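Numbers restart at 1 for each chain; the letters A, B, ... are given by sequence-line order, proteins then strands. For clarity, every value in this text was computed on a predicted model and none was experimentally measured.
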Number of protein chains: 2
Amino acid sequence: MPDFRPPEHQVAGHRASANKLGPLIDGSGLFYKPLQAEDRGEHELAFYEAFSTHAAVPARIRDTFFPRFHGTRLVPTESRPGEPHPHLVLDDLLAGLEAPCVLDIKIGAITWPPSSPEPYVAKCLAKDRETTSVLLGFRVSGVRVVGPGGTVWRTERPEVKALDTAGVRRVLRRYVSSVADEGMDCALAAAVYDGKRGVLSQLRELKAWFEEQTLFHFYSASILLGYDASAVAASGGEGGVRVKLVDFAHVAEGDGVIDHNFLGGLCSLIKFISDIVPEIPETQPLGPS
Amino acid sequence: MPDFRPPEHQVAGHRASANKLGPLIDGSGLFYKPLQAEDRGEHELAFYEAFSTHAAVPARIRDTFFPRFHGTRLVPTESRPGEPHPHLVLDDLLAGLEAPCVLDIKIGAITWPPSSPEPYVAKCLAKDRETTSVLLGFRVSGVRVVGPGGTVWRTERPEVKALDTAGVRRVLRRYVSSVADEGMDCALAAAVYDGKRGVLSQLRELKAWFEEQTLFHFYSASILLGYDASAVAASGGEGGVRVKLVDFAHVAEGDGVIDHNFLGGLCSLIKFISDIVPEIPETQPLGPS
């Protein structure tokens, strides 16, 4: 029996506990996401099944930007002993990172599929307006940064929900800063955001696909950014920057139309991150600071 | 006194009459737009004043994609004799076209500025969901095509409002077809959509600006396409294709954030038009058909 446990690096969504279902990892590089209630789980499963085998999805896009899907599995849970729950089995996107720094960003000004029932639209719309979604085309759902000496900085739920435009800018700077105080040196911005396979480069590749793809509309999906603080500090390299799409419980068929809602939010995020990058002098060494 | 009259080529909005205010032209290349009620007129005027002189707006963008603004003028109207009404004085975007073909497309999945009062949000949201705005990121507001012999095809209000995705595709094909029947030969697509200074080329230039500009958010603005059916038929040229933004009563400050809502809709429109262009064999002569 694998040693299932909640991932340390989880920054958004319910955390698995005695009372609640939540994602689990087993230390072998797999991530177990409990099938959600109210058909959402079935819907997400159907998306993974369709997407994994879709001939029109370029392999490069699937492999680079999506977690690999390994089917489903009944997993024993703490919340309901003796009643194993079906889980999606996915790659653990942060496996192998010694000090994973994570940023979860829900993309799109609109988070409800157009075919949604009225109460769901009203609920989502209220959240989209209260948060930065309508204004910025995205909102931060969670963040975790590991600083020197292994100190962990993370945002709690109410704090994340209350972020305004300036707060979002601060989080995007904090995510690539080596210090935990208000200074925010953005010491890792050049490596993490601007590197050859850094966040910006990957987001731009993703954008090019979204300008063309008309297969899926990714309502309420997130972009998960990950890098290894230890690796960046040790080598001055990019720390294995990862850019992945997650959370597909509300994906809709594209029916020949591009996902303008996701694309618009993605372009906005690219602009926000680009605004941070030029602050780093190009000649600055990228070693630990 | 100039000879004010409603423009023949108007495809959206109220038409000037004995009962209603509406835009007027005077035959000298100017277009008079009555200031709208409920502060919208003042708001649009304020936008034109700010935009016309904004140092951060590239001259090339302003001159290519926006009507030139010539201040305001009190104009006598048929609907209220003896009570001249203030009008915005703008370039008539279709001046000089012998047989103007016009397509008015309201851009954006969201047409309400985030700061709007609740009833206005509800009203706009309902329209955005009933029409194709939420689904496609844009909706057709009106179309007028002049065919051989000067026959005019135009859509009426209820018909335009009821367009679904397939209907939008038909209108975009009809706009560049020389025949009025259901055949839709798209005979002018290569010239109008794909020409060197055709619609696609201009929309892509506009898109590049929207990826960067954070000055204004163009809620509820439209892109007006225009070309001259006579010129295309006579010369096989592009017929002076025009791509202009209009209707700025709901423009909001950008505050350092890109207009992801307009940009997403613009990208969707580009994809729709691109889908039509490859149908034309590249070797086909562009002469009259």
On a heavy-atom basis, which atom in A:K271 and which in B:E212 lie closest, and how many Å separate them? CE-O, 3.2 Å
Give the interface residues of residues 128-136 of chain A toward chain B, defined by a heavy-atom separation under 4.5 Å. A:R129, A:S133, A:V134, A:L135, A:L136
Could you check which of B:P113, B:G137, B:A109 has the highest count of heavy-atom pairs closer than 4.5 Å to chain A? B:G137
Side-chain heavy atoms of B:I258 within contact of A:F272, under 4.5 Å: no
I'd like to check B:L125 versus A:L125 (side-chain heavy atoms, cut-off strictly below 4.5 Å). Are they in contact? yes
Say you draw a straight line from CG of A:N261 to CG of B:N261; how long is it, rounded to the nearest 0.5 Å? 8.5 Å
B:T165 and A:V257: CA distance, side-chain angles, deciding distance, side-chain contact (heavy atoms from CB on, under 4.5 Å) verdict: CA-CA 9 Å; B:T165 305; A:V257 178; 4.1 Å; yes
Is it the case that more than 12 heavy atoms not belonging to A:D39 sit under 6.0 Å from its CG atom? no
If you count heavy-atom pairs under 4.5 Å between each of A:L263, A:I270, A:I110 and chain B, which one has the most? A:I110
To the nearest 0.5 Å, what is the distance between CG on B:D259 and SG on A:C267? 11.5 Å
Do other residues, nucleotides or ligands put more than 12 heavy atoms under 6.0 Å from the CD atom of B:E253? no
Below 4.5 Å from any heavy atom of chain A, which atoms of B:S274 appear? Answer side chain, backbone, both or neither. neither
Any side-chain to backbone donor/acceptor pair from B:H260 onto A:G265? Under 3.5 Å, distance only. no
